[in-house]
There are 4 protein chains.
Amino acid sequence: MAGNTIGELFRVTTFGESHGRAVGAVIDGCPAGMPLSGSEFTYQMERRRPGTRAFDTPRKETDQVEIFSGVFEGKTTGAPLGLLVQNRDVDSRPYEILRDLYRPGHADFTYHKKYGHVDHCGGGRSSARETAARVAAGVVARKILGPSGIALTGFTLELGGIRAANIDLTTVESNPFFCPDPAVVEKMEKAIQDARDAGDSLGGIVEVRASGCPTGLGEPVFDRLDADLAKAVMSVGAVKGIEIGTGFQAARLRGSENNDPILPHGFKTNHAGGILGGISNGDEIILRAAVKPIPSIARKQETIDHRGNPAVLRLTGRYDACAIPRIVPVLEAMAAIILADHLLRWKAFGANGEKEADI
Amino acid sequence: MAGNTIGELFRVTTFGESHGRAVGAVIDGCPAGMPLSGSEFTYQMERRRPGTRAFDTPRKETDQVEIFSGVFEGKTTGAPLGLLVQNRDVDSRPYEILRDLYRPGHADFTYHKKYGHVDHCGGGRSSARETAARVAAGVVARKILGPSGIALTGFTLELGGIRAANIDLTTVESNPFFCPDPAVVEKMEKAIQDARDAGDSLGGIVEVRASGCPTGLGEPVFDRLDADLAKAVMSVGAVKGIEIGTGFQAARLRGSENNDPILPHGFKTNHAGGILGGISNGDEIILRAAVKPIPSIARKQETIDHRGNPAVLRLTGRYDACAIPRIVPVLEAMAAIILADHLLRWKAFGANGEKEADI
Amino acid sequence: MAGNTIGELFRVTTFGESHGRAVGAVIDGCPAGMPLSGSEFTYQMERRRPGTRAFDTPRKETDQVEIFSGVFEGKTTGAPLGLLVQNRDVDSRPYEILRDLYRPGHADFTYHKKYGHVDHCGGGRSSARETAARVAAGVVARKILGPSGIALTGFTLELGGIRAANIDLTTVESNPFFCPDPAVVEKMEKAIQDARDAGDSLGGIVEVRASGCPTGLGEPVFDRLDADLAKAVMSVGAVKGIEIGTGFQAARLRGSENNDPILPHGFKTNHAGGILGGISNGDEIILRAAVKPIPSIARKQETIDHRGNPAVLRLTGRYDACAIPRIVPVLEAMAAIILADHLLRWKAFGANGEKEADI
Amino acid sequence: MAGNTIGELFRVTTFGESHGRAVGAVIDGCPAGMPLSGSEFTYQMERRRPGTRAFDTPRKETDQVEIFSGVFEGKTTGAPLGLLVQNRDVDSRPYEILRDLYRPGHADFTYHKKYGHVDHCGGGRSSARETAARVAAGVVARKILGPSGIALTGFTLELGGIRAANIDLTTVESNPFFCPDPAVVEKMEKAIQDARDAGDSLGGIVEVRASGCPTGLGEPVFDRLDADLAKAVMSVGAVKGIEIGTGFQAARLRGSENNDPILPHGFKTNHAGGILGGISNGDEIILRAAVKPIPSIARKQETIDHRGNPAVLRLTGRYDACAIPRIVPVLEAMAAIILADHLLRWKAFGANGEKEADI
């Protein structure tokens, strides 16, 4: 398997390159009879779209999702959904330098070694542009989750070392950073501006929460819900770490501190992040992803050319200074895809959980 | 898919419960002609086996691996390998209390809600006992990796908050904690003893490194090597977080700090942990797993019974005070399984990498 | 994928060789809470077992199915079912000749070329012995189908050119050939005896019918119910052809003859064999398999040795003269496995069919 | 899995409906570095395209394949190939009657029962139009097979009961029926004309041969080459039967007749159809498919409407009178896809066969 499909029952296959004709997704496993129109994708696609914020890359993508197949008279038919996002405003000239030089921190080196023949324009298949297809697929996943009451919220927990302290999820959409702490928004903005001024870039930490999950999603022992979420989140280019619930901090707690006592109405705490034994426990699912700083920077970098000679790379072109906030809807989408997949799997094997799915 | 299989070409399916007749694995996708005998499993099984250390659970398992199928006159035939580890010294009496009570931090609650009918003895399928099958499968995976020069080393980076400072991999096997820093071994031992005396348990952080990987392992965009490693590692019961290379710390670096400059002879640094764009870059692969404290503790805990009534749980029985060090060979095995799988996939699609696999 | 697994949600992986320790199956995807005991396998295992009929191979297998995992206190837990059939009465001496000679019509040649290292004893993995594991898995599949009212019947339509003319399914189990036409049983018996006397073997045609299928099983466009049945049936060693409904005869009908008119209470005819567009239509599912004559014959045969030199093979040992009737329960089992798999898939994606599944 | 993907390593997912915007395929698992351009699809697409023959449906499709992704500067990159065939000349008016009536012999009934919401225009997803995507994918598969010397030829063995007697493969492309016996072409033409005049339709038998296969393709015990071919061929709408080599006739032979003697230079006969034990034996692979008469006929038919009331259907519109010859390239494509998939699998697990693949 060449790796461009995720999900077992809700299967998403993405295709397309940054500077090719389009990126898109084929979704096989979308239940029939679900209303779906192209306009429903707009909100999430806008959240991911570059060029909507002052600090964004100036590339203008309209990112309209066209439905090619699988919908008839406004409803899904159970046939594969074909989703297409055409590429616009493609300018490959700044990438000519990549015909011969590897960008440090990028996939250029490994793609070239693995495939021999690579589309270097704008990163080709390894570009963040590919995530537009994931966000589109995530919209469909969310529609499957909705009737079961499952809702996802992602936000920026930390950016360039500045951490949200007082988390108020109602403020997430009211600032361009998807930051849940209004008090640090200005600092985040300044941090990005400073990095950009220095020809440099920043990373951060994104948290995604899923509320309303029934007890019982996840298939032990390998296709655990946390394991599948870990794969899905780690499959996003800039992500270098993933944790569930208390995560790495749990390594420093004692069992008596980390165990969540069980009360008649639910769990007293949620160190587990909503997952026990790989199966959702009915509590809120909480995951965090470590996002590395964007490798495309204006500063000079040591590298080699395709023949192995030392070289200096100085990138020009249009880049974000941080994958955050645009990566937030991408990570939400990945979590949504996994949850939708496991909701279907749960239905297949019988749902003994207390809260029945309703899709 | 009910989730008990991992790998696409090197496919490992585990089966068996803690207090049933046996745990085991069927491996489909082991190349033919590879010498293999039951004794080759002994070393790794011993590293995982309880009862070999002063601080271990007193359960005595012999953990001998029997080969049921797939080997003829000492060599693999290409047919499915059947590996069986019979359960011995099984005492289910201490688990009678679990017929009616959920243990906080355990899979009891979610398994019961999901499946209705559960084997509660010793944790049944959710027991760490299942990992014996993984370690056995890992031995086979390592044999596939060996001829390509790929070698794995796991060690305890941190235990109960005590961190290895000066890492010397040659010392890992010379102490019972797989700790690479002899200077802290005594402190780790004391930490475990203190926790045990307090009826409590500890967590920690395990690091696994793979050296000798050719450039080119990993299939973008979903079956990236890092994504598959993340899933495999997170599928181990006690793991709550996974990071690659600099991991969560990368979130606080700038691009100019985190990018690994490329020199003619290789990468100058290895923040990437050996993986770029989801594909191995020829450098050492480095991952870390956050291991939560073992939830089975002697201290009293709040919980509920199967009818939802509040209850107090006081566990007696034989438990480890920390999943480390026994989890170290398990995590190595999971990494080995993923690498073996990707090595086979790499062969299928043509190996343009600089270093050819030789299996 | 090395090919020893069938099914997507109801996944059956078989392992084991003819003269090894055992053959068996791991079933991942069996719903929890289903009563299951070893004795439930006896009836079907007896139908497949050699040595129960006058004309059978004299090998004595007891073929008792042991449940290794996945059942607790008499009910399935949702964990993988481990089924084991130990090999008894194994005599490898007659196979020594196969260390160096290929048997015409057998897998010897291709296994040796593909794998290099082969277990030649009794056919090893390619032996009909492997089908014992299939029959065992089929018993579990039937238990999943039962509550939905789906029942399977297989019978010998033709043996050595002698065809059942007046089909009365109530007579199938009352003769050793699973022949539905008592009038031809004696002729079949004589045909087998004649072939055996001539040191030769026979083939035939087996029909399998499944009644009670709800409308809606099968996933277009590739995982059609008929396509998956075709694969499953063709995966049985001796099968060289498979047809659905009117099958090859349909190639000679006109559309007006072959189309099944639709009446308010159902279909007027069943040329379609219960499947339209790859999806069950609520009518009886009908398939037929062409079974080739057993290649192991006592007559002298031209062959080559492993170095390519011409040789003459004269087999001694214990062989059936026809794969029928023992193959009948195997083909039933394969159909049951596919139907159980599709029943689970149907539940995952929502069951809009008129008759709801009840498992 | 919702069933729209075939292949394990060479994975073809089709999408699209007859009267939607397009049909297409995403191929994941095409090796990198293979030259590929849109014009290479023309020849095979023309062979399948309607409207090229006197007796064809008058629908005019141009059937040009657009490559959406996975090719850069004329060569494949290893990324998913996106292939698109836009629909032209779409006239849905004749299908308005299908909003309420089921066509006998079609998928209308089962799709409606399964999915509730169906695209009825031109058969929607169940239309033969979907096979355009298969033929396009087959072209890519053939390019993978080519360097290994594997070549496919399909032809019409029988049409409306008229059978090719003297088979000369060099004549196949010289007549519109892909008939290998020039002596019966005129009879076939008359048979089709007669059926059409009677408002009726015909079926037939198609044979596909693959020459040049190395020994060793196919994975026992379930993913046998013959089993996978059987599934792939049976997944084509009009096919109701499939046989390998001597097929159903083998059921009437004795072992001594059906076994292919092995000589130093190869097999003396080819009753096996090139496959032994599910693995290619180096001889020509031979399969035959039974093609039912097209169910869309002008004659009045009994049916029911969506509420279950009896009705009479009289179709008008543009239909072929026989799926042959247009189905011939489709069946070739399906065989090519399976062979390409198994060629990649063979490379993954090591190729001990005598003839090495060269891709």
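Since the structure is predicted, the reported quantities are computational estimates derived from the model, not experimental observations. Just the heavy atoms: all of them, side chains too, but no hydrogens, waters or symmetry mates, feed the values below.
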Problem set entry | Over all atoms of both residues, closest heavy-atom pair of C:Phe248 and D:Ala289 | CE2-C, 4.3 Å

For this session: Provide the closest heavy-atom pair for D:Ile262 versus C:Tyr102 in the form atom of the first, atom of the second, distance.
Result: CD1-CB, 3.7 Å

For this session: Sort out for me which of D:Gly241, D:Ala227, D:Ala232 touches chain C most, counting heavy-atom pairs under 4.5 Å.
Result: D:Ala227

Seminar exercise, completed: So CD of D:Glu302 and CG of C:Asp260: to nearest 0.5 Å the spacing works out to 11.5 Å

Exercise. Looking at C:Gly3, C:Gly203, C:Gly277, which one has more heavy-atom pairs under 4.5 Å with chain D than the rest?
Worked result: C:Gly3

Seminar exercise, completed: Which of C:Thr14, C:Thr5, C:Thr131, C:Val236 passes side chain to side chain contact (heavy atoms under 4.5 Å, CB included) with D:Val221? It is C:Thr14

For this session: Flag the one option from D:Ala107, D:Pro261, D:Ser201 with the top tally of heavy-atom pairs under 4.5 Å to chain C.
Result: D:Ser201

For this session: Against chain C, label D:His265 side chain, backbone, both or neither, depending on which of its atoms sit under 4.5 Å from a heavy atom there.
Result: neither

Problem set entry | Point-to-point distance, once rounded to the nearest 0.5 Å, from CG of D:Asn259 to CD1 of C:Ile297 | 5.0 Å

Exercise. Is a side-chain N or O of D:Arg224 found less than 3.5 angstrom from the main chain of C:Met234, in a donor-acceptor match?
Worked result: no

For this session: Look at D:Ala311, D:Ser296, D:Pro220 and state which one has the largest set of heavy-atom pairs under 4.5 Å with chain C.
Result: D:Pro220

Seminar exercise, completed: Shortest non-hydrogen pair, D:Gly308 vs C:Pro264, comes out as O-CB, 3.4 Å

For this session: Using non-hydrogen atoms and a 4.5 Å limit, figure out which bit of C:Ser280 sits close to chain D: side chain, backbone, both or neither.
Result: backbone

Exercise. Is a donor on one side and an acceptor on the other found under 3.5 Å between the side chain of C:Thr215 and the backbone of D:Thr110?
Worked result: no

Problem set entry | Portion of D:Arg307 that has a non-hydrogen atom of chain C nearer than 4.5 angstrom | neither

Exercise. Strictly by modelled atom types, are D:Asp200 and C:Ser256 linked by a side-chain donor-acceptor pair under 3.5 Å?
Worked result: yes

Exercise. Side chain, backbone, both or neither: which part of C:Lys268 has a heavy atom under 4.5 Å from chain D?
Worked result: side chain

Problem set entry | From CA spacing to verdict: side chain to side chain contact (heavy atoms under 4.5 Å, CB included), D:Asp223, C:Lys231 | CA-CA 8 Å; D:Asp223 297 354; C:Lys231 172 171 177 167; 2.7 Å; yes

Exercise. Would you find a donor on one side and an acceptor on the other, under 3.5 Å apart, between the side chain of D:Lys240 and the backbone of C:Ala250?
Worked result: no

For this session: Kindly give the heavy-atom pair with the smallest separation between D:Leu253 and C:Pro293, and that separation in Å.
Result: O-CG, 3.3 Å

Exercise. Which atoms of D:Asp341 come close to chain C, meaning under 4.5 Å heavy atom to heavy atom: side chain ones, backbone ones, both, or neither?
Worked result: neither

Exercise. Between C:Gly273, C:Gly105, C:Gly255, C:Ala195, which has the largest tally of heavy atom pairs under 4.5 Å with chain D?
Worked result: C:Gly255

For this session: Report the C-alpha distance between D:Phe267 and C:Phe109 in whole Å, list the side-chain angles of each, state the deciding distance to 0.1 Å, and finish with yes or no for side chain to side chain contact (heavy atoms under 4.5 Å, CB included).
Result: CA-CA 11 Å; D:Phe267 294 90; C:Phe109 178 82; 3.7 Å; yes

For this session: Identify which part of C:Ile294 has an atom lying under 4.5 Å from any heavy atom of chain D, answering side chain, backbone, both or neither.
Result: backbone

For this session: Indicate the atoms forming the closest heavy-atom contact of D:Ala290 with C:Gly247, along with that distance.
Result: CB-O, 4.0 Å

Problem set entry | Donor-acceptor under 3.5 Å (C:Lys114 side chain, D:Gly218 main chain) | yes

Exercise. When heavy-atom pairs shorter than 4.5 Å are enumerated against chain C, which of D:Arg134, D:Met334, D:Glu130, D:Arg103 gives the highest number?
Worked result: D:Arg134

Problem set entry | Heavy-atom pair with the smallest gap, counting every atom of C:Ile205 and D:Ala251 | CG1-CB, 3.8 Å

Problem set entry | Leading residue by heavy atom contact count with chain C [cutoff under 4.5 Å; candidates D:Pro104, D:Gly199, D:Ser126, D:Gly282] | D:Pro104

Exercise. How many angstroms lie between atom CZ of D:Arg163 and atom CZ of C:Arg252, to the nearest 0.5 angstrom?
Worked result: 6.0 Å

Exercise. Can any side-chain N or O of C:Arg345 pair as donor or acceptor with the backbone N or O of D:Met1 at less than 3.5 Å?
Worked result: yes

For this session: Verify side chain to side chain contact (heavy atoms under 4.5 Å, CB included) between C:Leu202 and D:Arg254, making sure each step is shown before the conclusion.
Result: CA-CA 5 Å; C:Leu202 297 178; D:Arg254 288 194 162 194; 4.0 Å; yes

Problem set entry | Interface residue of largest heavy-atom contact number with chain C, from D:Gly123, D:Gly237, D:Gly161, under 4.5 Å | D:Gly237

